[in-house]
Amino acid sequence: MTSLRPPTGPVNGSSGERDGGGDSAQLRLVSAIARIVEAPLSTIVAALSDAVSASLPHQALVVLTQDCTGRPQKKAGDPEITEKVTVLEMDAIRRRLRDGEEIRSAVLAGRERDVRAWEAATGAVLALCGTGAASARPAEALIQGLWEITATSIRRQVDGASPAELVDANAVSTERVRVTTELTERHATDLESLLAVLRSRDLDDRRTRVSATELASSALVRTRTANDVMMALSEEPVVSAFSRLRTDLRPLTQYGRLDVQFIEPPAKGRALPGEVAHAARSIVRSAVLAMNEQEDISRVRVQWDCDGKNLLINIRDDGPGAFDSTTPGLHQAQANVAALGGEVGVKQVPGWGTELDVRLPIDASRSEAVDEWNLAPREREVLRLVVHGKKNRQIAQELFISENTVKFHLTQIYRKLGVGSRSAAAAVAAAGGLV
């Protein structure tokens, strides 16, 4: 960002102040914003933490976002806090913010701490922990602005995720929901059984029975609430997902010549996994923008529907009918559809327009992915053992090869799956049906 020049004008609220220190402060702020905007998802909260620390020192920074449904929390700072903070604790902070409360303390990582918190327009929540007695008021607008930039960048990166990232996130999200739901239901069943026993008239100690009943009832409510929160973070109602699409495409209708018509999906349609919702919006945006490049086009109609198992997307224009799957701009959309196990159909009527039909499975695809990875037989064996949680030494012993050979195979596997870690490879393989 060496081309950036310090902004001119007053600093620190002083109308006549124009010293070198003021310019330096503004340049540091512009540079901090540039680092946030340019940072990938893996380091963006660290960049935000660095930018905020000058105004409000803190021990840890935690973000909760529904845009990254596979990994909704992002953290930077003291591992004693970041490794123990939970989604439910962050969700409780979000609910307090939406009730209009100014957060000065909250339970994070298992105990009450000094906390300052903000919510972005995207619905993501930022919590700064361990701020001590420092006041956030002098820097309130600055921190809110930096947070809005960060939250928008997170959403932009998720919406533009590569096919491999979509598969990885979809696998992680699906598995997390499955495990969470299973444990929650098991816990709920245990509590319901306990309640049934405690409500029995055969027990003599009424006070004990009443106290135990209240305790179990509260635990049941908390468990159900936890399940609702986890599901909300992993899924998005199809109506709200479509509403966000309308917002994304609004500039085309406000400032362009294109008339974009939206046919609403059924209000009671199945909720969409977050990655499917993000991919669907990305696919529609890519298609509409590509269609808009045609001559003699004035209208595009976008329709979503659900058949219970798939999200069905129909996009139709009134152009010359020369638009096809090889049109520039559609490559990313087609790759995203394929990554999620979907299909794309193109119908052309010269002089009348083009119609795109897209089918996206709502549940993780498990069929053809393994064949498309082009894994060698030994690589499949190694990956299957990774899915089952085997370490390199165990894999080497089971396959009668050296640990170095296992590492070599894993390197090839990561490259072919488009992932960068063992856990990501295991998640993608499990989603693809390699078990």
Side-chain angles (χ1 to χ4, degrees), residues 39-44 46 68-76 79 82-84 157-158 160-183 186 234 273-276 279 331-332 334-343 360-361 363-435:
L41 288 175
S42 59
T43 63
I44 193 167
C68 300
T69 55
R71 298 177 178 85
Q73 286 194 112
K74 301 187 181 303
K75 315 162 193 177
T82 59
E83 292 179 5
K84 297 177 182 178
Q157 291 190 56
V158 172
S162 70
E165 290 169 331
L166 281 174
V167 172
D168 177 24
N170 199 30
V172 172
S173 180
T174 301
E175 180 65 10
R176 177 169 51 79
V177 172
R178 184 192 67 77
V179 172
T180 301
T181 303
E182 180 181 328
L183 293 176
R186 184 180 302 169
S234 303
E275 287 65 43
V276 174
H331 177 74
Q332 178 73 23
Q334 290 176 305
N336 286 345
V337 172
L340 294 176
E343 298 176 350
L360 283 179
D363 299 310
S365 175
R366 291 180 166 270
S367 54
E368 296 133 8
V370 176
D371 292 334
E372 293 175 355
W373 296 331
N374 294 319
L375 297 175
R378 181 64 85 184
E379 291 168 352
R380 285 200 185 203
E381 293 176 342
V382 170
L383 182 55
R384 185 177 288 107
L385 293 174
V386 169
V387 172
H388 286 278
K390 302 287 187 180
K391 303 302 181 185
N392 286 2
R393 179 176 298 179
Q394 295 171 310
I395 295 173
Q397 291 173 346
E398 189 159 336
L399 298 181
F400 301 101
I401 56 179
S402 70
E403 286 190 57
N404 285 336
T405 302
V406 173
K407 292 177 182 178
F408 172 78
H409 287 314
L410 286 175
T411 299
Q412 299 301 311
I413 290 168
Y414 296 164
R415 178 181 61 79
K416 292 181 179 181
L417 269 61
V419 300
S421 69
R422 189 186 198 91
S423 59
V428 172
L434 190 65
V435 295

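- What you find for I413 and E379 is that their closest heavy atoms are CD1-O, 3.4 Å.
- Taking 4.5 Å as the limit, some side-chain heavy atom of I44 sits within range of a side-chain heavy atom of Q157.
- Judged by distance alone, with hydrogens and angles left aside, the side-chain atoms of K74 form no donor-acceptor pair with the main-chain N or O of L41 at under 3.5 Å.
- Residues that satisfy the side-chain contact (heavy atoms from CB on, under 4.5 Å) test with K407, not counting sequence neighbours, are N392, N404.
- Residues I395 and H409 are not in side-chain contact: their nearest non-hydrogen atoms beyond the backbone lie 4.5 Å or more apart.
- One N or O on the side chain of S402 and one on the backbone of T405 form a donor-acceptor pair closer than 3.5 Å.
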Should L385 and Q394 be marked as a side-chain contact (heavy atoms from CB on, under 4.5 Å) after you check the CA-CA gap, both sets of side-chain angles, and the distance that decides it? CA-CA 9 Å; L385 293 174; Q394 295 171 310; over 6 Å; no
Salt bridge (Lys or Arg N to Asp or Glu O under 4.0 Å), that's the test. Do R384 and E381 meet it? Break it down for me. CA-CA 5 Å; R384 185 177 288 107; E381 293 176 342; over 6 Å; no
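- One finds the NZ atom of K390 at 14.5 Å from the CG atom of L383 (value rounded to the nearest 0.5 Å).
- Going from atom NZ of K391 over to atom CD of Q397 covers 14.0 Å, rounded to the nearest 0.5 Å.
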